[in-house]
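Written below as structure tokens is the structure these notes are about.
Chain naming here is simple, since letters A, B, ... match the order of the sequence lines and numbering starts at 1 in each.
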Amino acid sequence: MIKDITIGQYFPGDSVIHKMDPRMKIILTVVYIAALFMVKNFWGFLLTGGLLIVIILISKIPVQTVLKGIKPLLFIIVFTAFFNIFYGTGAPVFPDIGWLAWLKWGGLRNAAFMVIRIVLLITGTSFMTYTTSPVMLTDALERLISPLRYIKVPVHELAMMMTIAMRFIPTLTDETEKITNAQKARGADFETGNIIRRAKALIPILIPLIVSAFRRAEELADAMECRCYNGGDGRTRYKIYSFSLRDYIAAFIVLAVFVSIILINVFI
Amino acid sequence: MIITTENLTYKYGVGTPFEKTALNNVSIGIEDGDYVGIIGHTGSGKSTLISHFNAILKPTSGRVYVDGEDLWQENKLKRIQTRFKVGLVFQYPEYQLFEDTVYNDIAFGPKNMGLSDKDIEQRVMMATEFVGLDKKYLEKSPFDLSGGQKRRVAIAGVMAMSPKVLVLDEPAAGLDPRGRDEILARIREYHQETKSTVLLVSHSMEDIAKNANSIIVMNRAECMMHASVKEVFEKAEELEKIGLDIPQITKVFISLNKLGYKVSPDIYTVEDARDEIMRCIKDGDVK
């Protein structure tokens, strides 16, 4: 079940999107999100949706994978849509049926708007992680927020923490499965009973997991020290990023979409 | 037969590009009261096989019978009951300890069985004794114990369920030689006293030779051999081909035999070797 969540997963490839400078990808993702929230009518969604389809095609990530990423969030999407339906204004959908008077066109429109916005938001942003390895991502993030170190933000440490956290997600998933099986073998039952019982049943998994996370943290700290890690000062980089033509082209396209949406909002 | 598998096949990651067959058409029968060693190269399917014996993994195809009952035809409650019948000790079981005291941790299994407090206490005491753990540790936190003691607590946690079949996945891995011998001696004692069936997964041919009555050899997701210790170790060449070995002492005696000494080549433990040499000296075969 835990393995079904694809957000944050990296799919190696060598498309233009994969080769883009990760810094540019982060910036453009932020611009994309901003654009999505500025959209006020369906024309805007057509534009952002179109951009997304182009990205899917170029990056060669299988469409099923993209759809699978939405699946765990289906509940939130349905939930949001459901409540938006009630808060509509405008003309009722069925003027002749009395008990359906609350159902307004405005509500349906809002619901559809929310669904499209969430789906575009999730799939769009997940493309950043689909096409960028976690190491590159944190590296780029470190570079982007590095000006903050002048106001004493421990930029390098934050980035290192993020890298380590991401590195250990699969390890801890594995470990969870192992511990779950071991407790199951002792007759632990995680699937029946009410919610309190089930929450309590998780204790035999959580405690060993936390203990082992601490153990790993200590071992990792030792291993890092053995290799003379002493923070970010004076560290040089193996990979130097620089913007190339494809980054500027991508920036131009995304900014064009952004400006178009503003223009659509103003003129339509 | 206490455990039987019929054409048991298990695939990891079905429907993804990472699909891998971990077990392929395995049909074996485990005799009631037997002590079975399971050997095989890393990744040969040993651990996957034993995870089927107590319904932790569901076969992709094929059947698993425990005590004559088809595990996946029964309802869920019955399957959980099976886990009390087939006690499984995973690799590095000390990482599963979680309770505040050693006593409570060993009692976790019996508690899940729904036993009374009195029965639970009796089970905990029995298991503590079997693994050779001093009673003074019972009120301590399991996290304060040494590695070897933690291992004992974890094994006791499974023994306390009094399973008819005890399955251990490399119970001695990572222990020092003395800890190793002790744990295995305790398991052997448990086997003899409770007349239960024991399955031991191990990479050490010496440990297998010393303890098991029969051996299952796994190779590339298939069961290659299931025979007595003698029959398996006689096929030294085949074992070597799949990256396994025979006990060192056996190699020594095969060489001695080839050199013309009148010793039996079927010697698997140091104790047997000692007896064989004594016999030879007594019979005057060797001067």
Open item on the list: Heavy-atom count check: over 12 atoms from other residues, nucleotides or ligands less than 6.0 Å from Glu129(B) CD?
Closed with: no

TODO: Go through Leu209(A) and Phe98(B) one step at a time and tell me if the side chain to side chain contact (heavy atoms under 4.5 Å, CB included) criterion holds.
DONE: CA-CA 9 Å; Leu209(A) 196 62; Phe98(B) 71 98; over 6 Å; no

Task: Non-neighbouring partners of Asp247(A) that pass salt bridge (charged side-chain N to carboxylate O under 4.0 Å, His left out), sequence neighbours left out - done: none

Task: Neighbourhood of chain B inside residues 179-187 of chain A, taking heavy atoms under 4.5 Å as contact - done: Ile179(A), Asn181(A), Ala182(A), Gln183(A), Lys184(A), Ala185(A), Arg186(A), Gly187(A)

Open item on the list: With rounding to the nearest 0.5 angstrom, report the CD to CD1 distance, Glu99(B) to Ile203(A).
Closed with: 8.5 Å

- [ ] Check the surroundings of atom CD1 in Ile195(A): do more than 12 heavy atoms from other residues, nucleotides or ligands lie under 6.0 Å from it?
- [x] no

Task: Per-residue contacts, residues 100-113 of chain B versus chain A, heavy atoms under 4.5 Å - done: Asp105(B), Phe108(B), Gly109(B), Asn112(B)

Please report, to 0.1 Å, the donor-acceptor pairs under 3.5 Å made by any side chain of residues 82-92 of chain B, with sequence neighbours excluded.
| from | atom 1 | to | atom 2 | distance (Å) |
| --- | --- | --- | --- | --- |
| Thr82(B) | OG1 | Lys78(B) | O | 2.9 |
| Thr82(B) | OG1 | Arg79(B) | O | 3.1 |
| Arg83(B) | NE | Asn54(B) | O | 3.0 |
| Arg83(B) | NH2 | Ala55(B) | O | 2.8 |
| Gln91(B) | NE2 | Asp169(B) | OD1 | 3.4 |

Open item on the list: Does Lys135(B), at its NZ atom, have more than 12 non-hydrogen atoms belonging to other residues, nucleotides or ligands within less than 6.0 Å?
Closed with: yes

Task: Atom CZ of Phe79(A) with >12 non-hydrogen neighbours under 6.0 angstrom - done: no

Open item on the list: With a sphere of 6.0 Å drawn around CD of Glu218(A), does it hold more than 12 non-hydrogen atoms of other residues, nucleotides or ligands?
Closed with: no

Task: Heavy atoms of other groups near Asn75(B) CG, more than 12 under 6.0 Å - done: yes

